[in-house]
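To start, the structure under review is shown below, and the notes come after it.
Side chains included, hydrogens not; waters and symmetry mates left out as well; all remaining heavy atoms used. Protein chains get the first letters and strands the later ones, always in sequence-line order, with residue 1 at the start of each.
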There are 2 protein chains.
Amino acid sequence: MATIKDVAKQAGVSVATVSRVLNDNGYVHGNTRKLVIEAIQQLSYKPNEVARSLFKKKSRLIGLLLPDIRNPFFPELARGIEDEIQEQGYQLIIGNIDEKYPKEMDYIQTFQQNNVTGIITATNLTGRSHYDDLSSPVVFLDRTFNDHPSVFADGIEGGRMAASELVKRGSKRITILKGPAQLQTAQDRFNGAIAWLRAEKVDFSVIETSSFSFSDAEMWAKELFEKYPDTDGILASNDVVAAAVLHEALRLGKAIPEDLQLIGFDDIPLSRLLFPPLSTIRQPAYDMGKEAAKLLIRLINKETHFEKNIRMPVMFIERQTTRKVEENG
Amino acid sequence: MATIKDVAKQAGVSVATVSRVLNDNGYVHGNTRKLVIEAIQQLSYKPNEVARSLFKKKSRLIGLLLPDIRNPFFPELARGIEDEIQEQGYQLIIGNIDEKYPKEMDYIQTFQQNNVTGIITATNLTGRSHYDDLSSPVVFLDRTFNDHPSVFADGIEGGRMAASELVKRGSKRITILKGPAQLQTAQDRFNGAIAWLRAEKVDFSVIETSSFSFSDAEMWAKELFEKYPDTDGILASNDVVAAAVLHEALRLGKAIPEDLQLIGFDDIPLSRLLFPPLSTIRQPAYDMGKEAAKLLIRLINKETHFEKNIRMPVMFIERQTTRKVEENG
DNA sequence: TTGAAAGCGCTACCAC
DNA sequence: GTGGTAGCGCTTTCAA
């Protein structure tokens, strides 16, 4: 790999001059600049980002922390972030926490030790504050944490929406899968739903769940139908869990949506490929990622006067696990 | 952040000594070592990896290139790699190519500029050779490229297996979704299947497809049933595509597996949550990731005398989109 | 067994 | 406008 010295020698100038044209600052004569650019091309020189980063204490890297890369919701978030930051010349590096606490610490440290310019985190460890004393700005995505900058979907409204759509379409005995207790976003959905159901005096039951993982979901699905065999409307804590419930319901011979309605949360790409296609509350994952990236870049640039906590709208996606709403109902 | 100088001062020794205990090389007296370790703890000092990397021209980072982070197969690969390399003290950084060629170049460059110690790539651009003149070792995963080190599943056997299982269970008019032409692994499956079908003189048709993406898959599913409405056995190029086909088949009122059998490829986590649960050819994604990581680490350590091209076994996973095989059939 | 110092590749200050 | 050079934090000779 050619270094800045090689370029300087080739162009017959000093490294200082090369550095100036590289960073496009300071005075440099048109001819000199041309010389340098030629030399750069001839040697196909690429600046060593490590050396740059050592001096500047900042890199072109942005770190993303994901709780579980296998849940399709999170890759979608990542896509939105990527598209936004690459436009600004940053590169994304993803760390997968795998829902394990020590991994989160490791990655934060790795990010710091490698001088990332900013961090976006979607992890869900309980109220720890390693994020408080970081030198780089942090944005919480699909999460909130004290008054840190954050981007999140409107879970309360989402829960309310899911409950009301279910009841509007005729469900009388709702069952709610509650979602992990330590996850604020999951609790928002839950609280939004039960607040509405209580206000409307609709009968409902609750199944406690502790994760969003594939493997656990089938277990809760079984538990649900054993405990509440005559439920006729289910609010799943997310689409992955909904898929498991759907599967179990069909295995038990339930007619969907005739006997049983089901609404998920997230709207992951596979939801429409399920059978029947899953009705769900859509979180705008891609756009949430984009917003989080924009917010982070503002923080990096030390801009002021912008909204630091962004609530994104959710939307009911009507597919075939819910009935058609009755006309003039 | 404390630096090595601060530690040296605190311990009353030189930075050279601190460096020696940090890297556990050279002579250092027991007492001195203790002093240094205490100082490190008091200051909660973490070495600056950027400075280290600048000197050594090597980091603790391993780069992973994924074609599409949204296809659940790839995150699973990533998990296997992660588990293996973290045991060895490396950290994984993931780059998502999004099936776009320039992004692959960008990431390779970013990886180089940041001195990654090794690269694992699962991307599928057509026969380019940017990988030839890289300073760090490269392992191809779920891909092969010339004689570069690689880890891949036995696609030929997988294709043969899928075809024979379908026929064994009574399908007579097979349709094959071919998969992207530039992807060697996809072509292996295809070739394995048609070789067997020809040898057995079974009737089959082919639908050309050009990607593995969700959005395209439904299109091909429709095309399939329009062109070959009386097909009674389908080999999908992967599970994502199979999900789309399944969905479309049920929409058309086909009885599965009675009228129509279907086999996917990969065995992604959602396959068992589909309805009916998808029969498929399983690639051991997690283990493939682990093997690729092991191979890379051997390359990094400049070991010799080990297998550089690893073919992993595939396996038929019998679920409910295929019929039970007849006893004494 | 330890310390002084050079140097990894780059940026930015100061002189000219 | 341009060049010399200190220094970012670390590792590794080389001397002592």
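Projected onto DNA chain C by closest heavy-atom contact, G30(B) and L54(B) fall at different nucleotides, the more 5' of which corresponds to G30(B). When the nearest nucleotides of DNA chain C are assigned to Y27(B) and K56(A) by heavy-atom distance, the more 5′-ward of the two goes with Y27(B). Between R20(B) and V50(B), the residue anchored closer to the 5' end of DNA chain D is V50(B), taking for each the nucleotide with the nearest heavy atom.
Considering only side-chain atoms of V15(B), the nucleotide from dG9(D), dT2(C), dT11(D) that sits closest is dT11(D). Distances were taken from every side-chain heavy atom of V28(A) (C-beta onward) to each of dT1(C), dC10(C), dT2(D); the shortest belongs to dT2(D). Comparing dT2(D), dT11(C), dG9(D) against the side chain of F55(B) picks out dG9(D) as the nearest.
Per the geometry, CD1 belonging to I4(A) stands 15 Å off P belonging to dT2(D), to the nearest Å. In this entry the distance linking CD of Q112(A) with P of dG9(D) reads 14 Å, nearest Å. Here dT11(C) presents its P atom at 14 Å from CG of N115(A), a figure rounded to the nearest Å. The CG-C1' distance, from N23(A) to dG1(D), rounds to 17 Å in whole Å. Between Q113(B) atom CD and dG9(C) atom P there is a gap of 14 Å when expressed in whole angstrom units.
An OP1 or OP2 oxygen of dG9(D) is reached within less than 4.0 angstrom by a side-chain nitrogen or oxygen of K57(A). Contact annotation: Y45(A) reaches the phosphate of dC10(C) (side-chain N/O to OP1 or OP2, under 4.0 Å). For dT11(C), one of the phosphate oxygens OP1 or OP2 lies less than 4.0 angstrom from a side-chain nitrogen or oxygen of R52(A). Taking 4.0 angstrom as the limit, T32(B) places a side-chain polar atom (N or O) nearer than this to OP1 or OP2 of dT2(C). N25(A) has a side-chain polar atom (N or O) that falls below the 4.0 Å cut-off from OP1 or OP2 of dA12(C). Residue S14(B) places at least one side-chain N or O under 4.0 Å from the OP1 or OP2 atom of dG3(C).
With a 4.5 Å cut-off on side-chain heavy atoms, I62(B) and L296(B) count as touching.
The one candidate from I119(A), I97(A), T121(A), L64(A) that meets the side chain to side chain contact (heavy atoms under 4.5 Å, CB included) condition with Y107(A) is I97(A).
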Open item on the list: Please evaluate residues F140(B) and F152(B) with respect to the criterion ring pair (Phe, Tyr, Trp, His ring centres under 6.0 Å), reporting the C-alpha separation (whole Å), side-chain torsions for both, the decisive distance (0.1 Å), and the verdict.
Closed with: CA-CA 8 Å; F140(B) 286 76; F152(B) 54 95; over 10 Å; no
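Ion pairing of E76(B) with R70(A) is present here, as a side-chain N (NZ or NE/NH1/NH2) and a carboxylate O approach within less than 4.0 Å.
When the shell of 6.0 Å around NZ of K308(A) is examined, it contains more than 12 heavy atoms from other residues, nucleotides or ligands.
Among the heavy atoms of the strands lying under 4.0 Å from S19(B) is at least one base atom, whether or not backbone atoms are also near.
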